[in-house]
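For ligands, and for the atoms within them, numbers begin at 1 and follow the listed sequence.
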Amino acid sequence: MTESNDLSAPDRPHTVTVSLGDRSYEVTIGAGVRHLLPQVIARLGARRAVVVSARPPRWAPETGVPTLRIPARDGEVDKTLATVERLCQSFADFGLTRSDVVVSCGGGTTTDTVGLAAALYHRGTPVVHLPTTLLAQVDASVGGKTAVNLPQGKNLVGAYWQPAAVLCDTDHLTTLPPREWTNGYGEIARCHFIGAGDLRPLPLHEQIAASVALKAEIVGADERDTGRRHVLNYGHTLGHALEHLTGYRLRHGEAVGIGTVFAGRLAAALHRIDQARAEEHLTVVRHYGLPTALPPEATPEAVLPLLRRDKKATDGLTFVLDGPEGPALIADIPAETVAATLAAMPTEAAVTD
Ligand code: GLY
């Protein structure tokens with residue numbers, strides 16, 4: 001943990017509303033908020049619940065209604081259609097109806113997979129997420145994107161299915177291993193450049209609340225990712241390529257940290273921002289203890305073909321880049337500028353501090 005992992009809690013939880021008309025919901029952030037689950041379930045009027053949990057039983061809260069508990073494992077390996085089918089079969093065996101509720105308790109891979117099972121079961125059953133990692137609390141569990149992987153790639157099969165509520169219990173974070181912290185900080189660091197301002201001086205629960213509030217505002221404006229929501233992928237274009245190239249040795253947030261530094265340098269190379277702002281990218285990413293140098297595998301020759309395959313790259317090489325009017329999706333960036341910016345990045349072996 002770094003000094004910014006201060007988990008001292010305020011007296012009252014933070015509440016952020018994701019405003020989507022009759023599908024609006026609240027994200028509640030604070031110590032012990034998992035114990036609000038029975039109240040949430042009573043408000044939904046559910047008569048049964050299925051709790052799918054990657055956490056030991058003492059962490060998965062009471063529901064107040066007859067409950068089927070299904071153990072799960074966080075990690076990409078179980079993020080499959082086979083898991084979704086197995087979950088849906090258990091829901092059916094238990095007699096779950098679409099007036100009942102599914103609860104996910106785990107990291108982002110668990111909230112994604114259980115969210116998709118809930119989206120598909122009876123064509124849509126309410127789901128409540130209890131994210132237990134920093135990454136899942138600040139990003140994955142909020143906004144309604146659910147998905148599983150195919151052998152061909154990550155998150156290729158999914159649906160938009162907004163949760164009925166999200167309970168971000170910061171007590172879960174007390175047991176996070178160090179790399180899970182940096183994994184989450186990658187998503188907090190990128191918020192600095194997409195409208196959250198400087199979150200570094202704030203206590204952790206306020207950083208989480210501010211990251212969620214920014215995401216809620218963006219999702220409220222562009223639920224289906226047709227424009228504004230792209231900014232949430234700041235630093236992710238190179239980040240995804242680095243995850244792939246390193247065989248997932250780099251965690252998502254770590255790769256996003258390096259991608260954020262690169263996005264600053266590329267924006268400066270395209271004269272969208274000045275050198276001081278590009279330098280700020282490095283300073284912020286470093287502050288959160290994230291890596292800032294390219295792994296040795298990331299030569300321009302290896303990276304460029306992966307960047308061309310990015311989901312946003314419909315018009316040549318495309319990145320979300322900072323600029324005079326804030327971050328924007330910039331298409332058709334010359335390959336030679338991207339290659340030169342990559343070549344000028346420090347590589348892991350060259351970093352001594
Ligand atoms: N994680 C990016 C999004 O929710 O759009």
Side-chain angles (χ1 to χ4, degrees), residues 16-20 23-25 27 29 74 76 79 104 106-116 118-119 127 129 131 133-149 153-163 166 168 180 182-196 207-244 248 250-257 259-260 263 290 310-314 318-321 326-329:
V16 175
T17 302
V18 182
S19 296
L20 290 164
R23 292 171 299 114
S24 298
Y25 57 95
V27 182
I29 302 137
D74 280 335
E76 299 295 333
K79 197 174 149 176
S104 77
T109 52
T110 296
T111 59
D112 274 7
T113 308
V114 178
L116 181 59
V127 64
H129 293 311
T133 63
L134 185 59
L135 182 90
Q137 296 194 352
V138 297
D139 188 49
S141 65
V142 178
K145 280 188 181 175
T146 74
V148 293
N149 304 330
K154 272 185 83 171
N155 293 341
L156 292 187
V157 179
Y160 289 94
W161 185 243
Q162 297 295 342
V166 181
C168 297
E180 269 307 329
T182 44
N183 204 23
Y185 277 133
E187 299 292 12
I188 294 181
R190 63 95 159 92
C191 289
H192 185 106
F193 302 100
I194 61 171
Q207 295 191 29
I208 297 171
S211 303
V212 169
L214 176 69
K215 182 157 188 182
E217 188 257 305
I218 291 169
V219 169
D222 178 24
E223 183 186 10
R224 295 286 172 133
D225 212 356
T226 58
R228 174 97 201 279
R229 191 165 176 165
H230 292 334
V231 302
L232 290 170
N233 275 337
Y234 199 79
H236 283 55
T237 310
L238 179 63
H240 287 148
L242 298 182
E243 280 182 89
H244 182 91
Y248 298 94
L250 274 179
R251 303 293 307 276
H252 179 71
E254 294 169 338
V256 167
T260 298
L290 291 154
D310 187 80
K311 284 205 274 292
K312 295 183 298 307
T314 45
T318 302
F319 286 82
V320 182
L321 294 179
L329 192 65

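- Shown are Lys145, Arg23, Glu223; of these, the side chain to side chain donor-acceptor pair (under 3.5 Å) with Gln162 is made only by Glu223.
- Heavy-atom distances between Glu187 and ligand 1 stay at or above 4.0 Å for every pair.
- Using a 4.0 Å cut-off between charged side-chain N and carboxylate O, Arg190 and Asp139 make a salt bridge.
- Note: Leu232 CG to Asp222 CG = 9.0 Å, rounded to the nearest 0.5 Å.
- Protein heavy atom nearest atom 5 (O) of ligand 1, with residue, atom name and distance: Arg229 NE, 2.7 Å.
- Against a heavy-atom cut-off of under 4.0 Å, Asp139 is close to the following atoms of ligand 1: 1 (N).
- Contact between Leu232 and ligand 1 is present, with at least one heavy atom of the residue lying under 4.0 Å from the ligand.
- Between Arg251 atom CZ and Asn183 atom CG the span is 4.0 Å, to the nearest 0.5 Å.
- Some N or O of Lys145 is nearer than 3.5 Å to an N or O of ligand 1, by distance alone.
- Ring pair His236/His252 is perpendicular by interplanar angle, where above 60° counts as perpendicular and below 30° as parallel.
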